[in-house]
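Note that the numbering runs from 1 along the sequence shown for the chain. Both backbone and side-chain heavy atoms feed into the values below; hydrogens, waters and symmetry mates do not. Values in this document were obtained by computation on a predicted structure and should not be read as measured data.
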Amino acid sequence: MSQPLKTIILGSGPAGYTAAIYAARANLEPVVLAGNQPGGQLTITSDVENYPGFPEGVMGPEMMEMFQKQAERFGTTVFFEMAEKVDLSSRPFKVWSSADKTYEAETVIVATGASALYLGLENEKKLQGRGVSACATCDGFFFRNKKVYVVGGGDSACEEATFLTKFASEVHLLVRRDELRASKIMAERAMEHEKITVHWNTEVVDVHDVEAGKVNGLTLKNNQNGEVYKVDADGLFLAIGHKPNTDLFKGMLPMDEVGYIQTHPGKTATDIPGVFVCGDAQDSYYRQAITAAGTGCMAAIEAERWLESHE
């Protein structure tokens, strides 16, 4: 590449695309590497009801399609590639992508987001796509009139469980504590639904397929009295949290113990001048679409002003 890009944005969720909109309008001609989940986590979310400007709600994938179109309208170039290696040791920064391309850029905006966590059970990975899922919106349709279990106690778990009631005949919510961490409205929506049964102090010990090639049962454990028992099940949905997609930057950028990149207080700037981080790659607290978009805006403005001061 003869001339380094002014900015390259790694990731394409609300943070990445908002950064792209602001960067493009500032004539930074941003390039977005969309990553392995273009559109981010909102593409596996059904109704988004809490994003301002959508009084009737909006489907997550539709919303992210609008984000992309708006970014492209102002001159953003989107490549459906994933950053596989970076060199932040000197400017211009270098990024190697899954398309065997190398990019050079004066600034980097990291918006790589986070991914769903799994339980780590032996059969879990083997049965992914065959009854084990971390995305009710992606896979709920396949469980029409089936009996499914959802693991988790936060907003995501309640949302997944509620969504699955559109298809499944029974939805069982497995909560390892004796209370839900979800917001009041989400918790009430789940607990009051006639199809949802909540099991407190309960964990999944094993997932079974018994020669069927797909999930047909679970082993559960009551962590209060130690009782272990088996149940019939057609599906297992995980909603137990997320891990930031930041392994690419280990040893380069400071992180907390989980892997969230640490930025300067009140900023998206990192310890490496010219590198900025926004969205769920650095936010372990709010983790909302609107806060991700807000930090995407911040990152683009900081990148623009940084470039101005270093011309």
Side-chain angles (χ1 to χ4, degrees), residues 1 4-24 26 28-43 64 67-68 71-72 75-115 242-255 259-263 267-284 287 289 291-304 306-307:
M1 187 174 290
L5 302 167
K6 292 175 185 174
T7 190
I8 189 166
I9 299 167
L10 310 181
S12 57
Y17 277 141
T18 303
I21 290 166
Y22 275 80
L28 299 188
E29 300 171 333
V31 165
V32 171
L33 300 190
N36 63 353
Q37 191 179 342
Q41 293 179 68
L42 279 189
T43 59
M64 292 320 302
F67 269 60
Q68 181 184 339
E72 290 175 328
T76 298
T77 302
V78 179
F79 291 119
F80 293 95
E81 305 167 18
M82 184 173 179
E84 292 191 331
K85 179 184 172 185
V86 296
D87 181 357
L88 306 178
S89 62
S90 62
R91 289 177 56 221
F93 305 117
K94 292 183 177 64
V95 178
W96 289 266
S97 85
S98 54
D100 290 328
K101 293 197 282 188
T102 304
Y103 299 88
E104 293 188 345
E106 295 297 331
T107 60
V108 173
I109 295 176
V110 177
T112 48
S115 297
H242 295 81
K243 178 185 182 298
N245 302 320
T246 56
D247 288 351
L248 194 61
F249 310 99
K250 279 185 177 174
M252 302 180 202
L253 295 170
M255 303 178 183
Y260 289 96
I261 297 173
Q262 295 174 327
T263 54
K267 303 274 188 182
T268 66
T270 68
D271 286 350
I272 300 178
V275 178
F276 308 88
V277 186
C278 53
D280 285 7
Q282 56 91 227
D283 173 22
S284 62
R287 293 179 47 253
T291 49
T295 57
C297 162
M298 292 165 61
I301 290 174
E302 288 177 50
E304 177 199 0
W306 190 88
L307 283 167

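Within the 4.5 Å cutoff, no side-chain heavy atoms of F67 are placed close to those of L42. Residues I21 and T76 have side chains not in contact (no heavy-atom distance under 4.5 Å, counting atoms from C-beta outward). You'll find the side chain of P244 stays beyond 4.5 Å of the side chain of T112, heavy atoms only. Considering only heavy atoms from C-beta on, E106 stays 4.5 Å or farther from K6 through its side chain. Counting only heavy atoms from C-beta outward, the side chains of M255 and T246 approach each other to under 4.5 Å. Q282 has its side chain out of reach of Y260: every pair of non-hydrogen atoms, C-beta onward, lies at least 4.5 Å apart.
Listed here is the closest heavy atom pair of A289 and P14: O-CB, 3.6 Å. Nearest heavy-atom pair, A26 versus E304, reported as atom, atom and distance to 0.1 Å: CB-CD, 3.6 Å. Residues M252 and V86 share a closest heavy-atom pair of CE-O, 3.2 Å. Minimum heavy-atom separation, C278 to T295: CB-O, 3.3 Å. Nearest heavy-atom pair across F80 and A34 is CD2-CB, 3.7 Å.
No option in V275, D87, I8 other than V275 meets the side chain to side chain contact (heavy atoms under 4.5 Å, CB included) test with F93. Each of I9, V95, T77 was evaluated against L33; a single residue qualifies, V95, per the side chain to side chain contact (heavy atoms under 4.5 Å, CB included) test. Applying the side chain to side chain contact (heavy atoms under 4.5 Å, CB included) test between F249 and each of V108, L10, V277 identifies L10 as the sole match.
Distance CD/Q37 to OG/S12: 8.5 Å, rounded to 0.5 Å. Here I301 contributes atom CD1 and K267 contributes atom NZ; the two are 10.0 Å apart, rounded to the nearest 0.5 Å. How far CG of L253 is from OG1 of T263: 10.5 Å, rounded to the nearest 0.5 Å. Taken from NZ in K85 to OG in S97, the straight-line distance is 13.0 Å, to the nearest 0.5 Å. For the atom pair CG (L28) and OG1 (T107), the distance works out to 6.5 Å, reported to the nearest 0.5 Å. Taken to the nearest 0.5 Å, the OG atom of S98 stands 9.0 Å off from the CG atom of N36.
Residue pairs meeting the salt bridge (charged side-chain N to carboxylate O under 4.0 Å, His left out) criterion with at least one member in residues 268-283: none, sequence neighbours excluded.
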Using side chain to side chain contact (heavy atoms under 4.5 Å, CB included), reason through I109 and T7 one step at a time and then give a plain yes or no. CA-CA 7 Å; I109 295 176; T7 190; 3.9 Å; yes
Could you check K243 against D247 for salt bridge (Lys or Arg N to Asp or Glu O under 4.0 Å), going step by step and ending with a plain yes or no? CA-CA 10 Å; K243 178 185 182 298; D247 288 351; 3.0 Å; yes
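Taking the ring centre of F79 as origin, the terminal cationic atom of K101 falls inside the region bounded by 6.0 Å and 45° from the ring axis.
Under the 3.5 Å distance criterion, with hydrogens and angles disregarded, a donor-acceptor pair is assigned to the side chains of Y103 and E81. Using modelled atom types, one finds a donor on one side chain and an acceptor on the other under 3.5 Å when comparing E302 with T268.
Looking only at distances, no side-chain donor or acceptor of T18 sits under 3.5 Å from a matching main-chain atom of A15.
The aromatic rings of W306 and F276 sit perpendicular to each other, their planes meeting at more than 60°, with 30° as the lower class boundary.
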